[in-house]
Amino acid sequence: MHRTRQRLTLLLVGLLLLTSCVTPPPMTPQTDVPEPPGRLIDVNGHRMHRYCTGEGGPTVLLEAGLGDFSLYFWLVQEELSATTRVCSYDRAGLGSSEPTAGPRTGKQMATQLEALLQAAGEHGPYVLAGHSMGGLVALLFAGEHLAETAGVVLIDSSHPAQEEQLADSLPGVSNALDQASRARWEEWAARAAAGTLTVSDLWPLSPASLPARVTEQIAALLVRPHPWRAVIAEDDGWQQTLREAKGAGALGNVPLVVIAAGRGLESQMPAEDRQRFGLEFGDLKRFDKIWRGLQRDHLTRSSHSRLVVANNSTHYIYLDEPEVVIKAIQSLLKHD
């Protein structure tokens with residue numbers, strides 16, 4: 001069987017976004033990218049985008065999942081910044097950050113985050129909140145900066161052991177899922193390079209729960225080729241990211257909140273998509289059971305951990321129920 005990856009979740013969720021989104025309002029396709037709401041900071045010869053709001057401490061660091069970037073965290077950041085300092089950022093090539101050459105693995109991403117914080121003059125202590133693959137990046141960063149880590153929130157996070165545990169949960173479709181997602185990213189990268197990818201094409205990837213000005217900015221940022229190349233590069237580094245994360249993530253008594261999605265793939269995937277990939281309800285049930293077990297296993301990383309289930313959320317909890325993520329982060333701020 002081909003690789004079972006994080007995108008087994010991300011692709012299926014992406015299919016839902018693409019098939020159930022609202023029709024975009026009439027708009028003129030544009031290629032002008034709006035100015036980001038933060039700052040571009042030179043980090044070892046390339047510019048990375050950082051957006052910090054609020055005052056106080058500890059500082060909350062928001063880490064997005066594979067291919068996602070700071071604007072997706074808009075709702076969480078707006079609310080949290082009323083009581084503390086909150087920083088989101090864009091990994092190399094994503095959002096408003098310039099691309100870089102070389103591998104895109106979790107360890108490299110954590111190292112670049114450290115370099116960005118140093119260049120920006122940011123100081124701990126930090127509460128790290130990572131979604132999906134961003135959870136592994138957060139754990140890798142915390143492992144290198146445990147004394148500066150005031151708390152960790154894992155938002156339906158990836159898990160270092162998911163490769164082997166999920167390998168048999170969707171028998172016979174792993175190759176198809178790999179190929180479908182990779183083909184779409186490569187198609188969008190080629191169309192963006194040719195100038196034929198428009199804001200209207202990408203509107204479904206701009207979450208409807210965000211303000212219109214933010215969704216328009218997300219779509220405008222995605223019409224360029226390098227975000228899709230960055231997604232592909234992060235995906236290429238996925239196996240190495242898992243290997244790196246297996247040796248990281250022991251938090252001692254650092255407070256940890258694990259937030260698990262309450263709605264599994266079984267309750268979300270339309271019949272036509274199940275048929276397309278040859279999936280039965282039993283396949284999705286097995287996937288969901290293993291994924292929930294992986295979330296519970298994250299609790300063993302700290303002696304001071306607790307599980308929160310976001311009952312009405314899909315994988316993108318911070319968009320479906322941002323208040324759940326906000327409350328979890330706020331509960332860790334009280335420990336400082």
Can we say Arg91 and Asp68 salt-bridge, meaning some charged N sits less than 4.0 Å from an Asp/Glu carboxylate O?
no
Any chance you could lay out the salt bridge (Lys or Arg N to Asp or Glu O under 4.0 Å) test for Glu323 and Lys327, step after step, and finish with the verdict?
CA-CA 6 Å; Glu323 66 279 4; Lys327 289 179 181 178; over 6 Å; no
Between Thr59 and Glu122: side-chain donor-acceptor atoms closer than 3.5 Å:
no
Hydrophobic clusters here meaning ILVMFWY residues chained together by side-chain heavy-atom distances under 4.5 Å, can you tell me if Leu307 and Val152 are in one?
yes
Is the number of heavy atoms from other residues, nucleotides or ligands under 6.0 Å of Glu55 CD greater than 12?
no
Over 60° means perpendicular and under 30° means parallel, so tell me whether His315 and His131 are parallel, tilted or perpendicular.
tilted
Taking Arg286 first and then Asp283, would you say they form a salt bridge - that is, a charged N and a carboxylate O separated by under 4.0 Å?
yes
In terms of relative ring orientation, are Phe141 and Tyr126 parallel, tilted or perpendicular, with 30° and 60° separating the classes?
perpendicular
Parallel, tilted or perpendicular: which describes the rings of Phe69 and Tyr72, with under 30° parallel and over 60° perpendicular?
perpendicular
Criterion salt bridge (Lys or Arg N to Asp or Glu O under 4.0 Å) on Glu98 and Arg47, from CA distance to verdict:
CA-CA 6 Å; Glu98 295 177 345; Arg47 296 188 302 168; 3.0 Å; yes
Is there a donor-acceptor pair closer than 3.5 Å between any side-chain N or O of Glu78 and the backbone N or O of Leu75?
no
Residues Arg301 and His298: side-chain donor-acceptor under 3.5 angstrom
yes
